[in-house]
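A quick write-up on the structure given underneath.
Whatever order the structure lists them in is the order used to number ligands and atoms, beginning at 1. Fair warning: this is a prediction, and the values are worked out from it, not measured in the lab.
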Amino acid sequence: MNELENQLEYIEKCRHLVEQISKEKKRPLTACITTFGCQMNARDSEKLTGILKRSGYLITEDENADFVLYNTCTVRDNANMRVYGRLGVLNGYKKRNPDMKIALCGCMMQEQTVVDKIRQSYRFVDLIFGTHNIFRFAELLYRTLIEGKTVIELWQDTDQIVEDLPVERRYAFKSGINIMFGCNNFCSYCIVPYVRGRERSREPDEILKEIRKLASDGVKEIMLLGQNVNSYGKTLSYPISFAELLRRVHEIDGIERIRFMTSHPKDLSDELIEVIKTSPKICKHLHLPLQSGSTRILQAMNRRYTKEGYLALAQKIREEIPDIAITTDIIVGFPGESAEDVDDTIDVIRQVGFDNAFTFIYSKRTGTPAAAMEDQVPEDIVKESFDRVLKVVQETAKNRASLLQGRQEPVLVEEVNEHDPSLMTGRMSNNMLVHFPGDPSLIGSIVTVSLDVCHGFYYFGKRVEQ
Ligand code: 5AD
Ligand code: SF4
């Protein structure tokens, strides 16, 4: 029996058990998944939801449920803190519903210190598993339901990729697709290579098969996911480039928009720029993490490009694809960062004119080379630099956004506006949001909207009949 068949069998076993408990309780069993972190985790949660749903659970947003799973993130310390805080609340629910099962998975669980702490201080947790054995969730769920003691299964690494397990998409019209797992870059501040393991790419045929299936289900927009998509395919037995994968994805009928994330500047090829330029379905948005504008800090970060190298790349992209939005990630407060280094970062932000930037305060991650570096920057200085960077980021983003004033743009309608139910929220090719009067029947369709009033990062507009 292969691993897929094995897990499908466990889903069946879970389904019988859940049905039985549900009969005893005379009500359906509920399950809630809370996701922390990035799009990779969001996609993993869709897979976990698929398994819970097939096992007979009613999926709810309410954490006061029969099965609660936290899919955790550990890229920065504040994500960890939120998990510990919320576990206390779950314990309160469990006291009132002793049959409740609490499970933890994701990147945080790949850290030994975290698991030790949970075993010692959060003994009410029923199941712990990590990132490498996520495909074994059905089996672990079954064991948790029958064993009545904490189940812990953690792997240090894996080369296995199990295809075709059930998945429950959050949106009907768009979906993420993993094209690779793990990361080999070892940026000196980053814990991802330690918790997500070595880089491995999925076979292109498996990816294309999954996307064809999504297209036949009515999905219009896909996002290809990997920690560094630009090195996709290099380790396959028949290597192909990321640009070539994009070309093949582009041919799939029904898919109208293609996005991808994340690109490492050191590996971004001319071939990729050419494919983006010549493929109308590829969205005009590139997320290109800068991290720092100082060559000295970039070197200490092990990013393997310089300030000038990044600037030249951004300029080439803007020349080749003038409409493209470039967004970025920036870390402030890396060990040894001086005011001059921050000036360099600000200089790059101004020169490139990012359409948006996620600015993070450096977070010391145990086990990474940067955690052992001397001259960690004092908190008050980091705060000052952070505010300086943020101000310029907001300025340039606003300038970039205002350039679109008066244009008419196709948008994929995503949802009813959170604050005003008479408005719909749609996303442009460049990833910017626009809110406009409309009704929920538009969700999932692509309509043209005029960009009337700019509010910094987003627009208010009106639907234009084409
Ligand atoms: N501290 C702060 N930010 C970090 N990131 C990764 N590791 C850290 C860290 N230790 C940021 C990077 C990355 C994004 C996903 O998270 O900017 O691009
Ligand atoms: Fe972390 Fe660098 Fe890999 Fe991104 S490329 S996941 S920042 S190590």
Side-chain angles (χ1 to χ4, degrees), residues 35-44 72-82 106-108 110-111 114 131 157 176 178-201 223 225-232 234-235 242 260-268 286-294 297-305 310 326-337 341-342 345 348-349 354 356-373 376-377 379 382-383 385-386 389-390 393:
T35 311
F36 299 82
C38 65
Q39 262 117 347
M40 290 276 198
N41 265 17
R43 182 62 179 160
D44 283 346
T72 63
C73 167
T74 187
V75 78
R76 288 171 294 275
D77 194 44
N78 48 7
N80 294 45
M81 289 306 145
R82 277 170 58 211
C107 295
M108 237 176 114
Q110 291 299 140
E111 290 181 274
V114 170
T131 54
D157 211 342
N178 301 104
I179 62 165
M180 57 205 298
F181 303 94
C183 181
N184 283 354
N185 288 310
F186 290 95
C187 300
S188 64
Y189 51 81
C190 186
I191 201 163
V192 168
Y194 306 90
V195 295
R196 287 262 172 191
R198 292 296 58 72
E199 189 176 294
R200 51 212 184 276
S201 296
M223 181 179 281
L225 298 171
Q227 300 295 349
N228 176 14
V229 291
N230 295 337
S231 65
Y232 169 78
K234 289 187 178 157
T235 52
F242 178 56
F260 53 86
M261 202 165 215
T262 292
S263 285
H264 195 306
K266 78 176 167 58
D267 300 313
L268 197 140
L286 191 64
H287 188 65
L288 195 63
L290 167 69
Q291 313 301 4
S292 168
S294 151
I297 295 292
L298 285 169
Q299 197 169 20
M301 286 178 162
N302 191 30
R303 291 289 290 176
R304 287 172 275 175
Y305 52 85
Y310 188 97
I326 304 180
T327 59
T328 203
D329 291 340
I330 292 165
I331 297 176
V332 177
F334 184 84
E337 186 181 65
D341 294 318
V342 178
T345 300
V348 176
I349 299 169
F354 290 112
N356 203 351
F358 298 100
T359 310
F360 304 110
I361 287 183
Y362 167 72
S363 172
K364 190 170 169 176
R365 311 314 289 134
T366 312
T368 60
M373 286 179 189
Q376 304 277 328
V377 184
E379 224 173 275
V382 177
K383 182 78 186 58
S385 306
F386 183 84
V389 169
L390 196 64
V393 161

Taking only non-hydrogen atoms of F186 and a 4.0 Å limit, the atoms of ligand 2 in range are 8 (S)
With a 4.0 Å cut-off on heavy atoms, is R303 touching ligand 2? yes
Would you say R365 has any N or O atom under 3.5 Å from an N or O of ligand 1, going by distance alone? no
Side chain [X], main chain [Y], donor-acceptor under 3.5 Å:
X	Y	result
Y362	V382	no
S292	I297	no
N184	E199	yes
Y305	L298	no
Q376	A370	yes

Indicate if the distance from atom 1 (Fe) of ligand 2 to the nearest N, O or S atom of C190 falls below 2.8 Å. yes
State whether C187 contributes an N/O/S atom found under 2.8 Å from atom 2 (Fe) of ligand 2. yes
Hey, does [Y] have a side-chain heavy atom less than 4.5 Å from the side chain of [X]?
X	Y	answer
C38	M261	no
R198	C183	no
I331	M301	yes
T262	Q227	no

Note: ligand 1 atoms sitting under 4.0 Å from heavy atoms of I331 are 3 (N), 4 (C), 5 (N), 12 (C), 17 (O)
Within 4.0 Å of some non-hydrogen atom of Y362, the atoms of ligand 1 are 1 (N), 2 (C)
Of the protein's non-hydrogen atoms, which lies at the shortest distance from [atom], and what is that distance?
atom	result
atom 10 (N) of ligand 1	S363 O, 2.8 Å
atom 6 (C) of ligand 1	V75 CG2, 3.5 Å
atom 5 (S) of ligand 2	N185 ND2, 3.4 Å
atom 4 (Fe) of ligand 2	Q227 O, 4.5 Å
atom 12 (C) of ligand 1	Q291 OE1, 3.4 Å
atom 16 (O) of ligand 1	R76 NH1, 2.8 Å
atom 18 (O) of ligand 1	D329 OD2, 2.6 Å
atom 7 (N) of ligand 1	Y189 CD1, 3.3 Å
atom 3 (Fe) of ligand 2	C183 SG, 2.3 Å

Between atom CZ of R200 and atom CG of N178, what is the distance when rounded to the nearest 0.5 Å? 10.0 Å
Is any side-chain N of the basic residue among D44 and R196 closer than 4.0 Å to the acidic one's carboxylate O? yes
At under 4.0 Å between heavy atoms, what of P193 touches ligand 2? The answer is side chain
Y189, portion touching ligand 2 at heavy-atom distance under 4.0 Å: side chain
Does I361 come within less than 4.0 Å of ligand 1, judged by its heavy atoms? yes
For R303 and P265, the nearest pair of non-hydrogen atoms, with its separation, is NH2-CD, 3.6 Å
